[in-house]
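Comments concern the structure below.
Reminder, nothing fancy here: chain letters follow the sequence lines and each chain counts from 1. Computed from a prediction, not measured in an experiment: that's the story for all the values here.
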Protein chains: 2
Amino acid sequence: MAIEIRPYEINDWPSVWPILEPVFRAGETYAVPLDISEADARELWTVAPELVFVAGDDGGEILGTYFLKPNQAGPGDHVCNCGYVVSERARGRGLATAMCEHSQAEALRAGYRAMQYNLVVATNAGAVRLWQRHGFEIVGTLPAAFQHPTEGFVDAYVMYKTLIGASSG
Amino acid sequence: MAIEIRPYEINDWPSVWPILEPVFRAGETYAVPLDISEADARELWTVAPELVFVAGDDGGEILGTYFLKPNQAGPGDHVCNCGYVVSERARGRGLATAMCEHSQAEALRAGYRAMQYNLVVATNAGAVRLWQRHGFEIVGTLPAAFQHPTEGFVDAYVMYKTLIGASSG
């Protein structure tokens with residue numbers, strides 16, 4: 001499958017929400033209220049962030065999405081934050097990898113120097129491994145910082161990748 | 001000096017802004033735009049957070065302020081975040097200690113299980129030591145995550161304190 005990633009457009013929402021909703025409702029990976037309204041989810045994912053993208057196959061079907069935004073303001077605004085979701089029926093087809101690589105290129109293009117994930121749930125081992133393979137390091141462990149629906153209070157990781165070394169900028 | 005801490009009231013803003021403004025303008029400790037407008041600062045400090053307090057001496061003068069809010073939503077909303085600022089002319093008089101202790105009691109009262117500081121600038125050694133004395137641990141180091149006005153890109157710490165142990169709740 002050829003994966004195509006392009007900027008989100010407002011008309012994409014009806015294709016994006018069915019990808020996000022089961023992930024938010026499951027409450028296993030994202031620090032989002034499990035009962036979040038569609039309107040609030042739309043604000044969270046597509047309005048508040050600086051950049052939003054959708055990923056699809058070469059037939060044009062949307063199978064994943066990610067956002068990119070500054071993780072902090074002012075003296076912290078050179079570090080960005082991203083969130084990625086892949087459609088449940090498109091897992092294992094390389095979309096997360098493609099979006100992760102794409103987001104790093106976009107981050108550099110937008111002038112960011114580093115990327116930080118604030119709350120990677122420790123039980124989400126597949127994601128942790130994936131980010132590690134892409135050069136992200138676990139720089140911190142937040143004890144019992146995430147309430148998993150079946151595992152209870154579980155640790156979460158802060159993961160970080162320097163995109164531009166201190167010596168080059 | 002007896003320190004009194006009470007909930008922020010809307011009429012306190014003219015006393016609070018002169019405490020926040022020099023700290024935000026200096027850009028040495030908070031990830032806030034150095035040129036933030038008074039209106040945006042007011043929103044950031046007194047509207048968006050769940051709880052806001054002011055600290056003063058027994059004469060009623062306001063010399064410090066802090067906010068308390070959930071650090072994440074949904075499955076992460078049992079961890080709170082606080083920000084504290086002490087007036088430059090009241091440093092070394094125990095206000096930060098008093099506000100830190102007060103905030104932990106308020107956090108417990110509001111049902112939080114832990115407190116997290118997301119970006120404690122490494123060069124702000126006094127603050128790091130103070131939080132450590134109050135039981136906060138450096139659980140992560142964010143490389144070059146803060147652009148200090150004179151030191152350049154410096155590390156920042158994620159600091160965390162469990163308020164309620166896993167065995168007690």
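- The contact between A/F153 and chain B is made entirely by side chain atoms (from C-beta outward), counting heavy-atom distances below 4.5 Å.
- At a 4.5 Å heavy-atom cutoff, the contact between B/F146 and chain A is made by backbone and side-chain atoms alike.
- Contact tally against chain A (heavy-atom pairs below 4.5 Å) for B/V79, B/L142, B/D77, B/L34: the top residue is B/L142.
- Residue A/E38 qualifies as enclosed at atom CD: its count of foreign heavy atoms under 6.0 Å is above 12.
- The environment of A/E50 atom CD is dense: over 12 non-hydrogen atoms of other residues, nucleotides or ligands sit within 6.0 angstrom.
- Using a 4.5 Å cut-off between heavy atoms, B/V139 touches chain A through backbone and side chain atoms alike.
- Using a 4.5 Å cut-off between heavy atoms, B/Y157 makes no contact with chain A at all.
- In terms of heavy-atom pairs under 4.5 angstrom with chain B, the leader among A/G74, A/P149, A/P75 is A/P75.
- A chain of hydrophobic side-chain contacts below 4.5 Å, direct or via other Ile, Leu, Val, Met, Phe, Trp or Tyr residues, connects B/V154 to B/L119.
- B/I36 and B/V85 fall within the same hydrophobic cluster, defined by Ile, Leu, Val, Met, Phe, Trp and Tyr side-chain heavy atoms under 4.5 Å apart, directly or through other members.
- Contact annotation for A/Q116: only side-chain heavy atoms (C-beta onward) come within less than 4.5 Å of a heavy atom of chain B.
- Between chain A and the residues B/A31, B/G152, B/A114, B/G140, the largest count of heavy-atom pairs under 4.5 Å involves B/A31.
- Heavy-atom minimum distance, B/H78 versus A/A144: NE2-O, 2.8 Å.
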